[in-house]
Protein chains: 2
Amino acid sequence: MREQVRRAFAVCPIEVGIAVAGGDWKLTIVSKLAEGTHRFGALQRAVGPVSAKTLARQLQALEEDGVVLRVAHAEVPPRVEYSLTEAGVELAKIGEALGRWSAAYLPEPEPVGVLPAADDASLGA
Amino acid sequence: MREQVRRAFAVCPIEVGIAVAGGDWKLTIVSKLAEGTHRFGALQRAVGPVSAKTLARQLQALEEDGVVLRVAHAEVPPRVEYSLTEAGVELAKIGEALGRWSAAYLPEPEPVGVLPAADDASLGA
DNA sequence: CCGTATCCTGATGGATACTG
DNA sequence: CAGTATCCATCAGGATACGG
């Protein structure tokens, strides 16, 4: 378990959860792994615009906190597969809930330059 | 809505949720407010070892993201009361779920200096 | 292919002192 | 009481180059 997580225990369980899941990309990584085992490269493409360094670090942190499982195959070229532990599966559900929450309560900002479609009313009498 | 949140929309809803709730103390603040309206000072004591500056900033962010409601009373001495919006109430539920998750899956680290109780087995044959 | 090493930047968060 | 201003340390995260 990481030091950051250990320190959060002194405060409250919610902060522990934030310490584990709070970093950028982390819950997205977990939600992608909830769909199935991914290799490193596939995961990077699935998650979005995340750098390899950051993805690797977040995966290490998640592994150390018991959320993801890492299996390296001794092959050439190398193949490393990531999946969820039981704790990870449960955490993924919370991630899904958070995604639903933001979709429900935070209106997507209109992209700049996109005008609302004209309808009959806007054409006047 | 804050710029950080706006950018997260380009990735996925989960990252939006992280952008809103991911900061240190934020979910703890929300969970405390779920127990009822708090004044600034009371909230600071309830949350834990958070500095006034950080608490004020997190509250501003949460207000801007539509999670908390801030009501300032024109009195001397000043009185400011914080409470949750409907979105905040829902977010608090996710915070509770995260707290339960960490309590269930992350074993509390033993405080340094505490030794496991000796039992018969440890005394050897 | 799967990372790590290095360097860099900006954001976060605490301490302290101060204001309305 | 409820913050804000300033300074500061730390760290998260990206870019690039390189190693196994």
Side-chain angles (χ1 to χ4, degrees), chain A residues 2-8 10-12 15 18-29 32-33 37-65 68-83, chain B residues 2-8 10-12 15 18-29 32-33 37-65 68-83:
Chain A
R2 292 168 309 126
E3 179 58 24
Q4 183 189 3
V5 178
R6 192 179 306 272
R7 267 183 280 114
V11 184
C12 82
E15 288 303 313
I18 290 287
V20 172
D24 285 5
W25 309 116
K26 274 191 179 174
L27 274 185
T28 301
I29 291 169
K32 294 300 177 185
L33 289 181
T37 297
H38 282 66
R39 300 181 56 174
F40 186 90
L43 193 54
Q44 184 170 13
R45 284 185 295 276
V47 165
V50 61
S51 67
K53 168 190 168 181
T54 297
L55 180 58
R57 286 224 314 212
Q58 303 293 57
L59 282 169
Q60 287 166 4
L62 290 169
E63 186 190 7
E64 194 170 347
D65 291 334
V68 310
L69 220 57
R70 178 184 186 274
V71 178
H73 300 264
E75 304 172 357
V76 175
R79 182 163 54 97
V80 182
E81 297 190 318
Y82 294 91
S83 58
Chain B
R2 292 170 308 127
E3 179 58 25
Q4 183 189 1
V5 178
R6 193 179 306 273
R7 267 182 280 116
V11 184
C12 81
E15 288 303 314
I18 290 287
V20 171
D24 285 4
W25 309 115
K26 274 190 179 176
L27 274 185
T28 300
I29 291 169
K32 294 299 178 186
L33 289 181
T37 297
H38 282 67
R39 300 181 56 173
F40 186 90
L43 193 54
Q44 184 170 13
R45 284 186 295 275
V47 166
V50 60
S51 67
K53 168 189 167 181
T54 297
L55 180 59
R57 285 223 312 214
Q58 303 294 56
L59 282 170
Q60 286 165 5
L62 290 170
E63 186 189 6
E64 194 170 346
D65 291 334
V68 311
L69 220 56
R70 179 184 184 274
V71 178
H73 300 264
E75 302 171 359
V76 176
R79 181 163 55 97
V80 181
E81 297 190 319
Y82 293 90
S83 57

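By convention in this document, chain letters (A, B, ...) are assigned in the order of the sequence lines, proteins followed by strands, and residues within each chain are numbered from 1. Atoms considered below: every heavy atom in the structure, side chains included; atoms not considered: hydrogens, waters and symmetry mates.
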Take the protein atom [atom1] of [X] and the nucleotide atom [atom2] of [N], then report the distance between them rounded to whole Å.
{"X": "A:Gln44", "N": "D:dA15", "atom1": "CD", "atom2": "C1'", "value": "13 Å"}
{"X": "A:Phe40", "N": "C:dG3", "atom1": "CZ", "atom2": "P", "value": "6 Å"}
{"X": "A:His38", "N": "C:dG3", "atom1": "NE2", "atom2": "P", "value": "15 Å"}
{"X": "B:Glu81", "N": "D:dC1", "atom1": "CD", "atom2": "P", "value": "14 Å"}
{"X": "A:Leu55", "N": "C:dT4", "atom1": "CG", "atom2": "P", "value": "10 Å"}
{"X": "A:Leu43", "N": "C:dG3", "atom1": "CG", "atom2": "C1'", "value": "13 Å"}
{"X": "A:Lys26", "N": "D:dA12", "atom1": "NZ", "atom2": "P", "value": "9 Å"}

Side-chain N or O of [X] less than 4.0 angstrom from OP1 or OP2 on [N]?
{"X": "B:Arg70", "N": "D:dG3", "value": "yes"}
{"X": "B:Arg39", "N": "D:dA2", "value": "yes"}
{"X": "B:Gln60", "N": "D:dT4", "value": "yes"}

Which atom of [X] lies closest to which atom of [Y], heavy atoms considered:
{"X": "B:Ser83", "Y": "B:Thr37", "answer": "CB-OG1, 3.5 Å"}
{"X": "A:Tyr82", "Y": "A:Leu33", "answer": "O-CD2, 3.5 Å"}
{"X": "A:Ile18", "Y": "B:Gly23", "answer": "CG2-O, 4.2 Å"}

Working to the nearest 0.5 angstrom, can you tell me the gap between A:Thr28 OG1 and B:Glu15 CD?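 Output value for this atom pair is 3.5 Å.
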Can you tell me how far CD of A:Gln60 sits from CG of A:Leu55, rounded to the nearest 0.5 angstrom?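 With rounding to 0.5 Å, CG (A:Leu55) is 10.0 Å from CD (A:Gln60).
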State which residues pass salt bridge (Lys or Arg N to Asp or Glu O under 4.0 Å) with B:Arg7; sequence neighbours excluded, sorted by chain then number.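 Scan of B:Arg7 (salt bridge (Lys or Arg N to Asp or Glu O under 4.0 Å), adjacent residues dropped) gives B:Glu3.
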Applying salt bridge (Lys or Arg N to Asp or Glu O under 4.0 Å), name anything that partners B:Glu75, two or more places apart in sequence or on another chain.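 Scan of B:Glu75 (salt bridge (Lys or Arg N to Asp or Glu O under 4.0 Å), adjacent residues dropped) gives B:Arg79.
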Just compare D:dG13, D:dG3, C:dT4 and give me whichever is closest to any side-chain atom of A:Thr54.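 Selected nucleotide: D:dG13.
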Check: residues 42-52 of chain B side-chain donor-acceptor pairs under 3.5 Å, at least two apart:
residue : atom : partner : partner atom : Å
B:Gln44 : NE2  : B:Val50 : O            : 2.9
B:Ser51 : OG   : B:Thr54 : N            : 3.2
B:Ser51 : OG   : B:Thr54 : OG1          : 3.0

Contacts under 3.5 Å, N or O only, protein and nucleotides 17-20 of chain D:
none

Listed by chain and number, what are the side chain to side chain contact (heavy atoms under 4.5 Å, CB included) partners of B:Val5, not counting sequence neighbours?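 Only A:Leu106, B:Met1, B:Arg2, B:Phe9, B:Val16, B:Ala19, B:Val20, B:Asp65 meet the side chain to side chain contact (heavy atoms under 4.5 Å, CB included) criterion with B:Val5.
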Please list each protein N or O that sits under 3.5 Å from an N or O in nucleotides 8-12 of chain C, with the distance.
none

